[in-house]
Participant: 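After the structure tokens below, expect a handful of questions from me.
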Amino acid sequence: MIPINRRLDKVSEFVQGEVLADIGSDHAFLPIYCIQNGTIQRAIAGEVIKGPYQSALTNVTTHGYQQQIDVRLGNGLTILQPTDHVDTVTICGMGGPLITRILTEGISYIPNQPRLVLQSNIQSEPIRRFLQQHGYRITTETLVKERAHIYEIIVADPGKMQLSDKDFKFGPYLHPEQNALFVEKWERELEALADIKQQLDPEKHHHRYREIETQENDIKEVLSQ
């Protein structure tokens with residue numbers, strides 16, 4: 001079996017159907033892992049940068065999966081064709097704003113609305129807003145810790161939802177039933193905001209200072225639920 005980190009192992013649990021499209025596949029670890037596990041029949045591994053694209057090609061060839069995994073060089077979801085019949089799209093290891101941009105620019109390339117498994121490193125709120133606006137509903141969310149970092153994984157299927165501002169920021173599945181990772185993640189965020197605030201002059205940077213105080217209050221309110 002190909003060695004895989006805890007983050008991608010967790011992502012693989014939410015992959016469904018026969019065909020996976022892994023966007024920003026890097027070394028194609030996730031598609032190879034899913035093929036080896038029998039989770040999927042075939043995959044498309046997309047990369048926009050030539051170095052990781054070559055790494056993915058090498059890994060796929062080394063493991064003998066050239067027939068099952070098609071490695072493509074191109075931008076985001078634009079590498080996909082209607083004939084691919086993709087069941088699950090994974091976009092992992094990026095910031096929320098970049099994942100949102102990839103979805104925004106490429107939504108027309110997935111008209112069949114496959115399942116989306118989105119793992120953001122930071123700022124997941126824009127992802128949730130995009131999903132609500134584009135006919136997706138979040139069906140589950142989870143947190144995974146690897147080394148010192150805590151990652152959010154959002155799983156979405158076709159459907160409608162109506163999220164509150166609190167849901168958008170903290171996750172409709174994450175904040176109602178807070179676990180230790182959720183508390184750790186947002187306590188860290190409070191510390192980071194406090195550090196930023198210390199650098200500011202409350203008079204000179206009045207607007208930014210108040211903005212941070214509002215963010216702090218929102219987090220404290222959620223953590224005290």
Participant: Can you measure from CG (L193) to CD (E211) and round to the nearest 0.5 angstrom?
Facilitator: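 One finds 10.0 Å between CG of L193 and CD of E211.
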Participant: Please test E216 against E189 for side-chain contact (heavy atoms from CB on, under 4.5 Å), starting from the C-alpha separation and ending with a verdict.
Facilitator: CA-CA 9 Å; E216 287 177 323; E189 184 65 18; over 6 Å; no
Participant: Measure the spacing between CG of L20 and OG1 of T39 and express it to the nearest 0.5 Å.
Facilitator: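 Rounded to the nearest 0.5 Å, the CG-OG1 separation comes to 9.5 Å.
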Participant: List for me each residue that meets salt bridge (charged side-chain N to carboxylate O under 4.0 Å, His left out) alongside R42, sequence neighbours excluded, and say none if there are none.
Facilitator: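 Counting only residues at least two positions away or on another chain, R42 forms no salt bridge (charged side-chain N to carboxylate O under 4.0 Å, His left out).
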Participant: Heavy-atom distance under 4.5 Å between the side chains of V155 and E141, does that happen here?
Facilitator: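 No, too far: nothing below the 4.5 Å cut-off.
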Participant: List in chain and number order the residues that pass salt bridge (charged side-chain N to carboxylate O under 4.0 Å, His left out) with K10, two or more places apart in sequence or in another chain; answer none if no residue qualifies.
Facilitator: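 Per chain and number, K10 pairs via salt bridge (charged side-chain N to carboxylate O under 4.0 Å, His left out) with E13.
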Participant: Taking side chain to side chain contact (heavy atoms under 4.5 Å, CB included) as the definition, give me every residue that meets it alongside D26, ordered by chain and number, with sequence neighbours left out.
Facilitator: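 Partners of D26 by the side chain to side chain contact (heavy atoms under 4.5 Å, CB included) criterion, ordered by chain and then number, come out as E47, P52.
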Participant: So, using ring pair (Phe, Tyr, Trp, His ring centres under 6.0 Å) as the criterion, who are the partners of Y65 when residues are at least two apart?
Facilitator: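 So Y65 forms no ring pair (Phe, Tyr, Trp, His ring centres under 6.0 Å) with any residue.
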Participant: What is the minimum heavy-atom distance between L77 and Y109, and which atoms define it?
Facilitator: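 So the minimum-distance heavy-atom pair works out to O-CB, 3.3 Å.
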Participant: Does N37 reach the side chain of M1, with side-chain heavy atoms less than 4.5 Å apart?
Facilitator: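 In short, these two side chains touch, coming nearer than 4.5 Å.
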Participant: Give every residue pair that meets the ring pair (Phe, Tyr, Trp, His ring centres under 6.0 Å) criterion with at least one member in residues 122-152, sequence neighbours excluded.
Facilitator: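 Every ring pair (Phe, Tyr, Trp, His ring centres under 6.0 Å) pair that includes a residue of residues 122-152, provided the two are not neighbours, is F130-H134, H149-Y151.
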Participant: If hydrophobic clusters are built from ILVMFWY residues whose side chains come within less than 4.5 Å, do I99 and L131 share one?
Facilitator: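 Yes: a chain of side-chain contacts under 4.5 Å links I99 to L131.
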Participant: Let me have the donor-acceptor pairs involving side chains of residues 85-97, under 3.5 Å, with sequence neighbours excluded, atom names and distances please.
Facilitator:
{"from": "D87", "atom 1": "OD2", "to": "E18", "atom 2": "N", "distance (Å)": "2.8"}
{"from": "D87", "atom 1": "OD2", "to": "V19", "atom 2": "N", "distance (Å)": "2.9"}
{"from": "T88", "atom 1": "OG1", "to": "Q16", "atom 2": "N", "distance (Å)": "3.0"}
{"from": "T88", "atom 1": "OG1", "to": "Q16", "atom 2": "O", "distance (Å)": "2.6"}
{"from": "T90", "atom 1": "OG1", "to": "D22", "atom 2": "OD1", "distance (Å)": "2.7"}

Participant: State which residues pass salt bridge (charged side-chain N to carboxylate O under 4.0 Å, His left out) with E187; sequence neighbours excluded, sorted by chain then number.
Facilitator: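 E187 satisfies salt bridge (charged side-chain N to carboxylate O under 4.0 Å, His left out) with no residue once adjacent residues are dropped.
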Participant: If only atom types and distance count, is the side chain of Q113 paired as donor or acceptor with the main-chain N or O of G135 below 3.5 Å?
Facilitator: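 Yes, the answer is positive, given that a donor and an acceptor are paired below the 3.5 Å cut-off.
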Participant: Measure the CD1-CD distance between I49 and Q54 for me, rounded to the nearest 0.5 Å.
Facilitator: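 Between I49 CD1 and Q54 CD, I get 13.0 Å after rounding to 0.5 Å.
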Participant: Please collect all ring pair (Phe, Tyr, Trp, His ring centres under 6.0 Å) contacts where either partner lies in residues 200-225, sequence neighbours excluded, each pair once.
Facilitator: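 Found none.
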Participant: Do R137 and P158 make a side-chain contact, defined as non-hydrogen atoms from C-beta onward lying under 4.5 Å apart?
Facilitator: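 Answer no - side chains too far apart.
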Participant: List the residues meeting side chain to side chain donor-acceptor pair (under 3.5 Å) with R210, not counting sequence neighbours, and say none if there are none.
Facilitator: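 Here the qualifying residues are E213.
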Participant: Are R101 and E105 ion-paired here, with the side-chain N under 4.0 Å from a carboxylate O?
Facilitator: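 Looking at R101 and E105, the cut-off is met.
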Participant: Would you say F170 ends up clustered with L190 if hydrophobic residues are merged whenever their side chains have heavy atoms under 4.5 Å apart, either directly or through other cluster members?
Facilitator: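 Yes, it is one cluster - the side chains of L190 and F170 are joined through contacts under 4.5 Å.
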Participant: Please give me the minimum heavy-atom distance between R7 and I153, naming the atom from each residue.
Facilitator: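 Looks like O-CD1, 4.2 Å.
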Participant: Can you list every ring pair (Phe, Tyr, Trp, His ring centres under 6.0 Å) pair that touches residues 28-58, not counting sequence neighbours?
Facilitator: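 Passing the test, one end in residues 28-58: H27-F29.
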Participant: Is there a path of hydrophobic side-chain contacts, each under 4.5 Å between heavy atoms of I/L/V/M/F/W/Y residues, joining I219 to L174?
Facilitator: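 Same cluster.
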Participant: Is there a path of hydrophobic side-chain contacts, each under 4.5 Å between heavy atoms of I, L, V, M, F, W or Y residues, that connects V117 with L103?
Facilitator: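 In one cluster: no.
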Participant: With I150 as reference, evaluate V144, N121, L143 under the side-chain contact (heavy atoms from CB on, under 4.5 Å) test and give the passing residue.
Facilitator: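 Only one option passes, and that is L143.
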Participant: Could you work out, with salt bridge (charged side-chain N to carboxylate O under 4.0 Å, His left out) as the rule, every residue matching R6, not counting sequence neighbours?
Facilitator: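 R6 satisfies salt bridge (charged side-chain N to carboxylate O under 4.0 Å, His left out) with no residue once adjacent residues are dropped.
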Participant: Do the non-hydrogen side-chain atoms of I79 and I23 ever get within less than 4.5 Å of each other?
Facilitator: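 They are in contact (side-chain heavy atoms under 4.5 Å apart), so the answer is yes.
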Participant: Examine the side chains of N75 and T78 and answer whether a donor and an acceptor come within less than 3.5 Å of each other.
Facilitator: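 There is no such pair (donor and acceptor under 3.5 Å, judged by atom type) between the side chains of N75 and T78.
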Participant: Answer yes or no: is there a side-chain heavy-atom contact under 4.5 Å between K220 and S224?
Facilitator: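 They are not in side-chain contact.
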Participant: What's the separation between atom CD1 in I196 and atom CD in E191, rounded to the nearest 0.5 Å?
Facilitator: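 Spacing of CD1 (I196) from CD (E191) equals 12.5 Å.
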Participant: Using the rule that two of Ile, Leu, Val, Met, Phe, Trp, Tyr join whenever any of their side-chain heavy atoms come within less than 4.5 Å, decide whether V15 and I44 are in one cluster.
Facilitator: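 No; tracing contacts between hydrophobic side chains, which count when under 4.5 Å, never links both residues.
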Participant: Check whether more than 12 heavy atoms from other residues, nucleotides or ligands sit under 6.0 Å from atom CD of Q225, and answer yes or no.
Facilitator: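 Yes, the 6.0 Å shell around CD holds more than 12 heavy atoms from other groups.
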Participant: Hey, is D84 close enough to R72 for a salt bridge, meaning N to O under 4.0 Å?
Facilitator: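 Result for this pair is yes, salt bridge flagged.
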Participant: How many angstroms lie between CG in D167 and OH in Y173, if you round to the nearest 0.5 Å?
Facilitator: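 Going from CG on D167 over to OH on Y173, the span is 10.5 Å.
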Participant: Quick one: side chain to side chain donor-acceptor pair (under 3.5 Å) partners of K145, sequence neighbours excluded?
Facilitator: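 K145 satisfies side chain to side chain donor-acceptor pair (under 3.5 Å) with E184 once adjacent residues are dropped.
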Participant: Any side-chain heavy-atom pair from Q162 and Q132 closer than 4.5 angstrom?
Facilitator: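 Q162 vs Q132: side chains touch.
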Participant: Can you measure from OG (S164) to NZ (K169) and round to the nearest 0.5 angstrom?
Facilitator: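 If we round to the nearest 0.5 Å, S164:OG and K169:NZ are 12.5 Å apart.
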